[in-house]
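All values below come from the heavy atoms of this structure, side chains included, with hydrogens, waters and symmetry mates left out. Lettering of chains follows the sequences in order, A, B, ..., and the numbering in each one begins at 1.
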2 protein chains.
Amino acid sequence: MTQERSGARRSPTGDQLRTWREFVETTDALRSRLSSRLQAESSLSSSDYAVLLALHDADGHCLRSSALADAVGWERSRLSHQVGRMERRGLVARQGSRSAGVALTDDGAATFRRASVAHLRTVRHLFVDALTDDQLAAAGEIAAALRAALDRPGG
Amino acid sequence: MTQERSGARRSPTGDQLRTWREFVETTDALRSRLSSRLQAESSLSSSDYAVLLALHDADGHCLRSSALADAVGWERSRLSHQVGRMERRGLVARQGSRSAGVALTDDGAATFRRASVAHLRTVRHLFVDALTDDQLAAAGEIAAALRAALDRPGG
DNA sequence: ACGTCGGAGTTGACGTGTCAATTCCCGGAG
DNA sequence: CTCCGGGAATTGACACGTCAACTCCGACGT
């Protein structure tokens, strides 16, 4: 990897900072574009979609809260609020008492299937097709390197 | 499900989708890590920081709302709410009547300077130092390519 | 059996982002 | 001068995320 450049902890150079800003602003814009497309096409937020996806992939279209939180990688309380809102809209249903699990309703499953077609097309259009094969591969490596830095103890 | 023959609008392949998910989840995690560091070190949100940065760079530490909205790339109403909150905390001040502009207070300028040292160190640590020189360059190219796709008419 | 301990799940309060009004101000037409 | 149109800026209502309580329930030791 990058070896120690002279000073231990000095600021990024102007070029590095420019790259950083371009990178973060663009990924932000991409995220928000995808989210508003999803909203416009299917009346779902990205969070809604993440939950529907996790439940759709799950056995019996049902998961316990903790497994679901794990699958989407969220805090418990965030999930609880999210599931509450989705339950009000009829996309999911809580099973039995306190800790039985969350299940996709038929409506939720149908909504997800409809949404995912459009969503995947958008992903292809704005990400996959926007990059060359080399760039796509590089994007994967960059993500892995960033993830490694995040997971490093001092991260 | 996926037909081989239809070229134009088919779904991403499994590999492409994996890369996408890894990419988006990692950039998300990076963003949220930076944001919580900033919060812990300086009691500023990323939005606060963006506004302070734009004003700090501005002539006279002051900008009209529309110029500021432009600089940070936000909706007007989002900016208005944000400035209102920051004004309550004494970081910025609205000038005169309705549309004169927003200025950095001394407190805001000092807070920004203090925050930026720590923030830039974190950026260096989690982004610049996490990537090889080649990866950093590739990140810039990827951002440019994604930006181009976003800006394209049909985007 | 009884207590109590701890983790899972929920709730409430609050800061934040978005959308749809609404207000304010300015410049031109009558 | 007065009225009107339109853009800039603000506001309100609501969806969302986070943090800190709080509730529930089952496991364990005695």
Whole-Å distance separating the [atom1] atom of [X] from the [atom2] atom of [N]:
| X | N | atom1 | atom2 | result |
| --- | --- | --- | --- | --- |
| A/R64 | D/dG26 | CZ | P | 10 Å |
| B/L79 | D/dT11 | CG | P | 13 Å |
| A/M86 | D/dA15 | CE | P | 14 Å |
| A/R78 | D/dT18 | CZ | P | 5 Å |
| A/D48 | C/dT18 | CG | C1' | 15 Å |
| B/D70 | D/dA8 | CG | C1' | 13 Å |
| B/W74 | D/dA9 | CH2 | C1' | 16 Å |
| B/D28 | D/dG17 | CG | P | 11 Å |

For [N], take OP1 and OP2 only and decide whether either is under 4.0 Å from a side-chain N or O of [X].
| X | N | value |
| --- | --- | --- |
| A/R94 | C/dT10 | yes |
| B/R85 | C/dG15 | no |
| A/R76 | C/dG9 | yes |
| A/S77 | D/dA20 | no |
| B/R88 | C/dT16 | no |
| B/Q82 | C/dT16 | no |

Practice task
Report yes or no: do A/R31 and B/T27 form a side-chain donor-acceptor pair below 3.5 Å?
Solution key: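 The criterion, which ignores hydrogens and geometry beyond distance, is satisfied for B/T27 and A/R31.
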
Problem - No-H, no-angle donor-acceptor pair, B/H81 side chain to C/dT18 base, under 3.5 Å - result: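 Yes, a donor-acceptor pair under 3.5 Å.
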
Working to the nearest 0.5 Å, report the span between [atom1] of [X] and [atom2] of [Y].
| X | Y | atom1 | atom2 | result |
| --- | --- | --- | --- | --- |
| B/W74 | B/H81 | CH2 | NE2 | 12.0 Å |
| A/L38 | A/Y49 | CG | OH | 7.5 Å |
| A/T111 | A/D107 | OG1 | CG | 4.5 Å |
| A/R121 | A/S116 | CZ | OG | 10.5 Å |

Practice task
Tell me, yes or no, whether the heavy-atom count around A/R89 atom CZ, taken from other residues, nucleotides or ligands under 6.0 Å, exceeds 12.
Solution key: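 Check passes, neighbour count above 12.
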
Exercise for the section: On DNA chain C, check which nucleotide each of B/S45 and A/S36 is closest to and give me the residue with the more 5' one. Expected result: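 Final value for this comparison: B/S45.
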
Exercise for the section: Tell me which of A/S66 and B/Q39 sits closer to the 5' end of DNA chain C, going by the nucleotide each one is nearest to. Expected result: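 By nearest-heavy-atom nucleotide position, the 5'-most residue is A/S66.
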
Can you tell which of [options] lies closest to the side chain of [X]?
| X | options | answer |
| --- | --- | --- |
| B/S65 | D/dA9, C/dG17, C/dG9 | D/dA9 |
| B/S80 | D/dT10, C/dG17, D/dA15 | D/dT10 |
| B/S47 | C/dT18, D/dC16, C/dG17 | C/dG17 |

Practice task
Measure across B/Q16 and A/R124 and return the closest heavy-atom pair with its distance rounded to 0.1 Å.
Solution key: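 The answer is OE1-NH1, 3.6 Å.
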
Exercise for the section: Please name the pair of heavy atoms, one in B/A103 and one in B/Q95, separated by the smallest distance, quoted to 0.1 Å. Expected result: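 Of all heavy-atom pairs spanning B/A103 and B/Q95, the closest is CB-NE2, 3.5 Å.
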
Problem - Any residue of residues 109-116 of chain B with a heavy atom less than 4.0 Å from an atom of DNA chain D - result: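 Contacts with DNA chain D under 4.0 Å: none.
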
